[in-house]
Every structure is written in C-alpha cells, then in structure tokens.
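See below for the structure under consideration.
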2 protein chains.
Amino acid sequence: MAIRQDIHNSEIPALCRACEARHRGVCGALTPEQLVELSRHTTKRKVEPGTVLVSDSDTIDSYANVLAGVVKLTKTLPDGRQQIVGLQFAPDFIGRPFKQESSITAEAATAVRVCAFPKTSLDRMISQAPELGHRLHLQALNELDEARYWMLTLGRKTAAERVASFLHLIARHGDPEAESEGEISFDLPLTRADIADFLGLTIETVSRQLTKLRKDGLIAVENNRHVTVFDVDKLERRANI
Amino acid sequence: MAIRQDIHNSEIPALCRACEARHRGVCGALTPEQLVELSRHTTKRKVEPGTVLVSDSDTIDSYANVLAGVVKLTKTLPDGRQQIVGLQFAPDFIGRPFKQESSITAEAATAVRVCAFPKTSLDRMISQAPELGHRLHLQALNELDEARYWMLTLGRKTAAERVASFLHLIARHGDPEAESEGEISFDLPLTRADIADFLGLTIETVSRQLTKLRKDGLIAVENNRHVTVFDVDKLERRANI
DNA sequence: GGCGCCGCTTGATCCAGGTCAAGGCGATGC
DNA sequence: GCATCGCCTTGACCTGGATCAAGCGGCGCC
C-alpha cells in the first residue's frame, strides 16, 4: 500500500491521465509496479524554447514524453536549409526505439515540460509489457500517416493552401482557448521562421499569406501570436483538406 | 514431418528467405506451424502495372507482401494533384495494422507479384507471435524515417537535387544489374510522370533534369528506362544527401 | 505501309514564390 | 528618453520551375 501511495503522490499519475486522454504516450500501458520502477529513473525537465533535446548526431540514450509545450523535429541540409518533419504535442512520445542514432534533431519550439527516462529501462519494459510496445507501434503508425499527409502538402499544395493547412493543424492540436460554432482561438506555438521551415516556404511568403487570410476576413491575429479563426469550414476549404 | 514437407514444397519459404534478406517482411517471424496456418489463407497474385491494390476509400481487409516489382503509395487532392508518398520494394509489407481505412492508395508501378492474406488471420498471429508485431513495428519506423527524409527533399531541395536523390534511391533499392567501382546500372521502375509525382515536380522538369545529368556526363539513359550512373559519389553530391 | 497513341523531350513564355531591402513595433537595457 | 535587438510586415524585383505547345520515336493495329 505504501507503494501505491507513492505512485499517487508522484506526478506520474497526472502524466498517465494525460496520456490516456489521447490514447498515446507511454505510461498508460504500464502496471502500477512498472510505473514505480520507471519513476525511479524518471526526470522531469522544464526547458526554454530553442533547447535541443536530441541532436542529429547524438546517440540516443533516453526517451521522453512531452507533458506540455511543442517540440519540433527537424532535418537540416549541409548548407543550412532546414525542414521541420514533425511536431510533437503533449502527450507524444519522443525517441526512436530499436536504433542508436536518430538522424533527426528535436528542439523545443515553445517552453516545454518533458518527462525523460533512460532508453535501457524503457526498452526492458517493452519486452515485459507487450501493451507498451503496441502503444509505441501505434504512435509510429500515426506519425507515419501524418508525415505522408505533409508529403502531399509539401509536394503539391500552393503556399496559400499550406498556410491554411498549418493553421488547421494547430487549431486541432493546440489546446483551443475558445471554441464556438466554427470559431476557434489559439496561440501559435511557432514563429514565422518555424512555420516557414515546416511548410517549405520563406518567412515572407508565410507572412503574406497570413495577411491575405486576415484581409479576406477568415482570421484575426493579435500580437503576431494569438489567432482567431472565424470559420473553420472556410479554412478547411482553403487548405484543401 | 508431412507438415514440414508441405512448407518446403509451397512457395512460402522462398518468400521468407526474401524477407530475411533485408530483415523486413512478415514471414521470418513466424513458426513453421504458423506459416502453414497462414499459407492456408494466402493468395499469390501477379498484377499488371497500374493495378490498384488498395484504394483510398476502401476499408482494408487484407495485407500483402511485395515479392517482386515496385508498388507506389499515393495520395491525391480533390482536384487531382497527386503525390507519391512511398515506394514499396520486395520484401516490403503493405497494409495499415490497427486501422480500418488507409487514406492511401497502393498501386502497382511495375509488374508486381504480391502475396496477400486476410487481415484477420495476420492480426490473430500478431497477438500470438510478439516477434511478428516487432517486425511490423520496425517496418513502420523505417518507413517513418524515409517519409521524413522525403519531407526534407520536398520542402527544401531544388529540382536538380530531387532528381539526383531519386536516382540514388533507385540505385540503392532496385536490384542493381551491374556494379563496379562507383558505376551502377538499373532499370527505372517508374515513368516520368510517376517520378514527377514522387518528387513534387512536373514531367517536363524531371525530363530536363535528366537531360542535364546526361549532358554533364553523370549518367547514360537507354530506351528511357535503363540508367547507368557513372559515379555514384558525384551523384550523391548533386543530391545533397 | 500508314496511322494513332503513348511516353518522352525540347523550346517559349509565364508566374508563384524566392530574394533583397526597407521599415514597423514591442521588449529590453542603459 | 533613446538605442538596440528580435520578430514581423511590406514592397520591388528576380528566377526556378510550371505551363503551353510542338515534335519525335517506338509500338500496336488496321
């Protein structure tokens, strides 16, 4: 009983509830005993925007769950051209199971809270708890679906469609602050430069497209960050979802 | 013993050997008994280029292994713009575990041999053979890595770099016919239109870039299909790998 | 043989989005 | 208050790749 108490006193259960909320994340698949075991090796960190969590060249020795904030996954060409290849929202899992190096950089796009644990202890648990492996498999498949969706966007959509698609993505993922009959407000977790790197565009083009959406009365923007979409259906039509 | 004989007389072991060769595919993870079980529901098909194996809107009720040829995975916008989001070579696995519909179309790019089996029987085996689930998990992670690599290509590379990257991909995956000290020959499994849909370009641009590579003495092309790369290193440099 | 079709190449022109440059504006520091 | 900095917007211009159009060569068919 002491052990159970221990779990509930720790912050793990909160994490797990968050994971359950979207049927992703790691912890929901573990038994209380495994949670306690894992919590021994767990470190929660709060990091500033711009902090590199996993670097391109690193060997990976830890996994992490995103508890709050947004993490961008990037790839960079030798000459510096950069592409964001994924965005991780809470309670997504960060890491590349079954492989030593990642070929991808993970960087905090906003202030981020992560719950990190060593690769070895999670890998051990995967072999013990098949449900856990299944969860990770599911997340990989979801990320694959998303990556392929963005391949279509990057390969075939116009700048206007890309920006609308991006706003649609954030409207779905970022915790909406206000929502009522087709209207929705949220804070952009990314700078214009990040948005450009995500959409394969330049800062200027992103800015112009946002201006256009504003002038067309589809959105309002305050302080360059806070966006209100007046009609999500119209936005979807622009995005060619 | 009759059973074992049965396995070796069927074509399954060949398939399995092919799978093993690249540590992908499904069958290597099964016990002989499971193989026999699976082989009961297995149908081998030889299909023409252009045959749709899985359609966008379909509910998925079967999986398949690619035995020979190349299958293209495509996504299409309502107005017809198309993007190839993945190429499956033997012995890749086709299908989307844990989900009813695919959001992706799978179409034979060349003449293709596939080994198909009903989703239900494989799903049953996944729960019995953890190693099998693990294989599928690995393939999903590999495909994710590839998809993200192509996101970088689609978002940030020039037409010249994209075409070089594509040739490099085929040189690695398509069975090389001749290879010696940096020189390599192969048949393109895709038409110019397919290449364009893969690279987010137009037919004309692909054609012009191939002409440029030819004039620069990096490649030779016969009958629009057969390509010889004279210096793989040089090609890689053009591709900005 | 001749004809049409298909896949590909090549040339001429156009334009969406990139590049370059000049501010605007809020935050931070002196 | 003023200077600096980071982030964003806007305008002017340029260009890589799209679009439009013509033609070529192999192949199947009448």
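Lettering of chains follows the sequences in order, A, B, ..., and the numbering in each one begins at 1. Values below: all heavy atoms of this structure, side chains included; hydrogens, waters and symmetry mates excluded.
In this structure, B/Glu143 pairs ionically with A/Arg148, as a charged nitrogen and a carboxylate oxygen lie closer than 4.0 Å. With respect to the salt-bridge test (charged N to carboxylate O, under 4.0 angstrom), the residues B/Lys99 and A/Asp145 qualify.
Every ring-ring contact (aromatic ring centres under 6.0 Å, His included) that A/Tyr63 has, sequence neighbours left out, goes to A/Phe93. The side chain to side chain donor-acceptor pair (under 3.5 Å) test applied to B/Thr105 returns no partner, not counting sequence neighbours. Under the side chain to side chain donor-acceptor pair (under 3.5 Å) criterion, B/Thr76 pairs with B/Gln82, not counting sequence neighbours.
Checking C/dC8, D/dT9, C/dT10 against the side-chain heavy atoms of A/Asn224 singles out D/dT9 as nearest. Checking D/dA18, D/dT10, C/dT10 against every side-chain atom of B/Leu201, the shortest atom distance belongs to D/dA18. If you check D/dC8, C/dC8, C/dT10 against the side chain of B/Arg192, the one that comes closest is C/dC8. The nucleotide whose nearest atom lies closest to any side-chain atom of A/Arg208 is, among C/dG18, D/dT19, D/dC8, C/dG18. When each of D/dG17, D/dC8, C/dT9 is scored by its nearest atom to the side-chain atoms of B/Gln209, the top-ranked nucleotide is D/dG17. Counting only heavy atoms from C-beta on, B/Thr205 has its side chain closest to D/dG17 among C/dT19, D/dG17, D/dT19.
Atom NE2 of B/His226 and atom P of D/dG26 are 18 Å apart (whole Å). Distance, A/Leu188 CG to D/dC7 C1': 13 Å, rounded to whole Å. Rounded to whole Å, atom C1' of C/dC6 lies 11 Å from atom CD1 of B/Ile203. Atoms CD (A/Glu222) and C1' (D/dC8) sit 16 Å apart, rounded to a whole Å. Between B/Glu204 atom CD and C/dT13 atom C1' there is a gap of 13 Å when expressed in whole angstrom units. A straight line from CZ of A/Arg225 to P of D/dT9 spans 11 Å, rounded to a whole angstrom. Atom CG of A/Asp194 is separated from atom C1' of D/dC8 by 14 Å (rounded to the nearest Å).
A/Leu210 comes within 4.0 angstrom of nothing in the nucleic acid, heavy atoms only.
A/Arg214 and A/Thr211 are linked by a side-chain donor-acceptor pair at a separation below 3.5 angstrom, with hydrogens and angles left out of the test.
Within the 4.5 Å cutoff, side-chain heavy atoms of B/Leu201 are placed close to those of B/Arg162. A heavy-atom distance below 4.5 Å is found between the side chains of B/Ser165 and B/Tyr149.
Interatomic distance, OG of B/Ser102 versus CG of B/Leu73, reported as 9.0 Å (0.5 Å rounding).
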Hey, can you pull the donor-acceptor pairs under 3.5 Å for the side chains in residues 228-235 of chain B, sequence neighbours left out?
from	atom 1	to	atom 2	distance (Å)
B/Thr228	OG1	B/Ser185	OG	3.0
B/Asp231	OD1	B/Asp233	N	3.0
B/Asp231	OD1	B/Lys234	N	3.2

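DNA chain D lies under 4.0 Å from at least one heavy atom of each of the following residues of residues 152-159 of chain B: B/Thr158, B/Ala159.
Of the residues near DNA chain C, A/Asn223 and A/Thr202, the one whose nearest nucleotide (by heavy atom distance) lies more toward the 5' end is A/Thr202.
In this structure, the helix from C/dG1-D/dC30 to C/dC30-D/dG1 shows an angle of 20° between the axis at its start and the axis at its end, each fitted on 5 base pairs and rounded to 10°.
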